[in-house]
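This report concerns only the one structure given below.
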Amino acid sequence: MLPAGEARVTLQANAGQTAALAAELAADTTVTHLTLRTAKCGDKGAAALGAALETNSSLRVLRVSGQGIKHKGCIALCAGLAANRTHLH
């Protein structure tokens, strides 16, 4: 799902697709900017992204506005960021 060698990626993905994307993102060292647009990843997708953020060390910008992420999804994203301090500058 992630284009090879691209640093800035914009994708349309639903919750299931976001989970697949997150699995790739967990090991990716190229993507620095990720924008999800149009689709609703929701809390399920946000939880998958949060788990990926625990190990991904290259992502610096994640745009997920308008994705239907509620409280549980926000907590999962924050937990991923807190577990991996390389995202914080």
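Here, residue 1 is the first one in the sequence, and each next residue gets the next number. When reading the values below, keep in mind they use all heavy atoms of this one structure, side chains included, and skip hydrogens, waters and symmetry mates.
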Quiz item: Where is the tightest heavy-atom contact between Glu54 and Ala83, given as atom of each residue plus distance?
Solution: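 Scanning both residues completely, I find the closest heavy atoms to be CG-CB, 3.8 Å.
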Quiz prompt | Heavy-atom closest pair, residues Ala46 and Cys41 | solution =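 Taking every non-hydrogen atom into account, N-SG, 4.1 Å.
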Between atom [atom1] of [X] and atom [atom2] of [Y], what is the distance when rounded to the nearest 0.5 Å?
{"X": "Gln12", "Y": "Arg37", "atom1": "CD", "atom2": "CZ", "answer": "5.0 Å"}
{"X": "Thr29", "Y": "Leu59", "atom1": "OG1", "atom2": "CG", "answer": "12.0 Å"}
{"X": "Lys44", "Y": "Thr18", "atom1": "NZ", "atom2": "OG1", "answer": "9.5 Å"}
{"X": "Gln17", "Y": "Leu11", "atom1": "CD", "atom2": "CG", "answer": "9.0 Å"}

Practice problem: Kindly indicate, with the supporting measurements, whether the criterion side-chain contact (heavy atoms from CB on, under 4.5 Å) is fulfilled by Leu62 and Leu77. | Solution: CA-CA 10 Å; Leu62 175 62; Leu77 285 171; 4.2 Å; yes
Do [X] and [Y] have side chains that approach each other closer than 4.5 Å (heavy atoms only, starting at C-beta)?
{"X": "Ile69", "Y": "Cys74", "value": "yes"}
{"X": "Leu36", "Y": "Leu49", "value": "yes"}
{"X": "Asn84", "Y": "Leu53", "value": "no"}
{"X": "Thr35", "Y": "Val9", "value": "no"}

Quiz item: So, the side chain of Asp43 versus the backbone of Lys70: is there a donor-acceptor pair under 3.5 Å, distance only?
Solution: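 Yes: the side chain of Asp43 pairs with the backbone of Lys70.
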Check residues 21-28 and write down every donor-acceptor pair under 3.5 Å in which the side-chain atom is one partner and the other belongs to a residue at least two apart or another chain.
unit_1 : atom_1 : unit_2 : atom_2 : d
Glu24  : OE1    : Met1   : N      : 3.3
Glu24  : OE1    : Leu2   : N      : 3.1
Glu24  : OE2    : Met1   : N      : 2.7
Asp28  : OD2    : Thr30  : N      : 2.8
Asp28  : OD2    : Val31  : N      : 2.6

Practice problem: Go through the structure and list residues passing side chain to side chain contact (heavy atoms under 4.5 Å, CB included) with Arg8, not counting sequence neighbours. | Solution: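 Once residues adjacent in sequence are excluded, the partners of Arg8 under the side chain to side chain contact (heavy atoms under 4.5 Å, CB included) criterion are His33.
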Exercise. Could you tell me which residues satisfy side chain to side chain contact (heavy atoms under 4.5 Å, CB included) with Thr32, sequence neighbours excluded, listed by chain and number?
Key: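 So Thr32 forms a side chain to side chain contact (heavy atoms under 4.5 Å, CB included) with Ala7.
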